[in-house]
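Working notes, structure below.
The figures that follow rest on heavy atoms only: side chains count, while hydrogens, waters and symmetry mates do not. Whatever order the structure lists them in is the order used to number ligands and atoms, beginning at 1. The residues of the chain are indexed from 1 along the displayed sequence.
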Amino acid sequence: MQRLDKIIADKLNITRAQAKQLIKSGEVSFNSQAVLSPDLKCSEEDEISVSGKKISSEKFVYIMMNKPKGVICASEGESEKTVIDLLPEGMRVKGLFPAGRLDKDTTGFVLITNDGEFAHNILSPKKHVKKTYLALLDKPLDKGVIMDFESGMNLGEERLLPAKLSAQNEEKTLAKVVIKQGIYHQIKRMFKKHKIEVLELKRIKIGSLSLDENLKEGESRYITQHELVQMGYDPICT
Ligand code: URA
């Protein structure tokens with residue numbers, strides 16, 4: 001049995017004080033009855049709703065990792081190290097998976113969660129959430145490449161959505177790329193079409209949320225409720 005305010009705080013990634021306030025404001029129901037007591041004891045079978053939306057007592061977590069090279073974006077790897085293996089013991093709850101994949105040699109922002117609906121709503125290719133990367137190239141960019149990226153290039157059989165490309169240094173060998181899809185090896189293949197090789201690739205942003213500069217490679221931290229809302233996802237309202 002757990003207290004109602006603790007379940008709500010855990011589930012919505014908010015503080016206990018915020019959860020208490022939510023309960024006192026009449027937004028919470030317990031087994032279809034309005035409830036105003038934060039200390040009510042609840043079991044896993046009890047049905048809790050916030051603003052009419054059912055929540056389960058399962059705790060959802062949202063983690064930002066700065067992925068190093070050499071680990072794979074998977075929940076389990078037979079012989080290879082996964083991003084889940086890198087999480088500190090205390091963060092490793094059941095059902096975690098990386099929402100969206102980076103190549104083994106790509107570094108940067110990986111979002112890890114156990115909330116399938118979140119992963120679908122925010123990261124499905126159909127939702128066109130922007131992903132921003134820095135790419136180090138073996139040759140400089142030119143206007144032709146930028147125009148091809150921005151007009152929605154043909155890649156094999158596929159016509160891609162327009163992508164943004166801009167040079168970040170004088171030599172034009174460091175590029176910022178913003179894509180709205182997540183096709184296999186997409187950025188490397190887009191440059192390869194122009195005979196440019198990507199030497200290093202790092203994801204620095206998902207939607208409007210930037211990779212925390214304080215995270216060293218291999219480190220992780222929880223994404224806050226405020227940041228989730230900033231990304232357009234509010235577990236209370238969705
Ligand atoms: N595009 C790639 O080529 N690789 C990644 O890891 C991500 C985007």
Side-chain angles (χ1 to χ4, degrees), residues 63-77 80-87 96-113 119-120 122-142 144-169 172-213 215-220 223 231:
I63 295 168
M64 172 191 290
M65 175 180 283
N66 185 1
K67 176 191 169 306
K69 282 186 186 180
V71 294
I72 59 167
C73 280
S75 305
E76 283 168 38
E80 308 202 81
K81 205 172 214 180
T82 72
V83 286
I84 307 298
D85 295 330
L86 286 189
L87 290 173
L96 287 177
F97 62 93
R101 290 178 179 225
L102 292 181
D103 297 338
K104 192 171 170 183
D105 61 353
T106 300
T107 60
F109 191 170
V110 175
L111 204 154
I112 298 168
T113 185
H120 176 74
I122 292 286
L123 298 162
S124 149
K126 291 191 192 119
K127 304 280 174 174
H128 299 170
V129 172
K130 290 181 186 163
K131 284 112 186 164
T132 307
Y133 294 82
L134 283 179
L136 183 65
L137 312 172
D138 72 337
K139 290 183 204 70
L141 296 172
D142 60 32
V145 185
I146 294 179
M147 277 167 61
D148 197 28
F149 269 59
E150 299 203 341
S151 63
M153 70 166 69
N154 284 318
L155 199 62
E157 306 275 279
E158 203 151 0
R159 178 144 192 112
L160 299 183
L161 290 170
K164 272 211 158 316
L165 175 61
S166 56
Q168 301 293 299
N169 62 354
K172 299 199 165 77
T173 50
L174 183 66
K176 184 153 100 178
V177 191
V178 185
I179 56 173
K180 294 185 200 152
Q181 291 155 292
I183 293 162
Y184 188 59
H185 292 333
Q186 183 172 341
I187 292 177
K188 290 172 189 161
R189 288 166 60 211
M190 289 169 89
F191 280 110
K192 198 167 180 188
K193 188 186 159 200
H194 292 274
K195 306 204 166 31
I196 298 175
E197 199 188 327
V198 175
L199 303 174
E200 303 272 341
L201 189 62
K202 178 176 185 174
R203 181 156 67 189
I204 55 168
K205 206 168 174 182
I206 298 177
S208 57
L209 186 59
S210 296
L211 177 66
D212 188 331
E213 286 175 5
L215 285 181
K216 298 196 187 87
E217 283 191 3
E219 287 184 349
S220 303
I223 295 172
M231 288 180 87

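- Ion pair K188/D103 flagged as a salt bridge, since at least one NZ, NE, NH1 or NH2 atom sits closer than 4.0 Å to an Asp/Glu carboxylate oxygen.
- Residues K104 and E80 are paired through a salt bridge, judged by an N-O separation under 4.0 Å between the basic side chain and the carboxylate.
- Using a 4.0 Å heavy-atom criterion, the residues that approach ligand 1 are L102, D103, T106, Y133, H185, Q186, I187, K188, L201.
- Not counting sequence neighbours, the partners of P68 by the side chain to side chain contact (heavy atoms under 4.5 Å, CB included) test are V71, L86, E217.
- Remark: K69 engages E200 in a salt bridge, criterion side-chain N to carboxylate O under 4.0 Å.
- Between Y133 and F109, the distance separating the two ring centers is not shorter than 6.0 angstrom.
- Closest non-hydrogen pair, H120 versus K127, comes out as O-CG, 3.9 Å.
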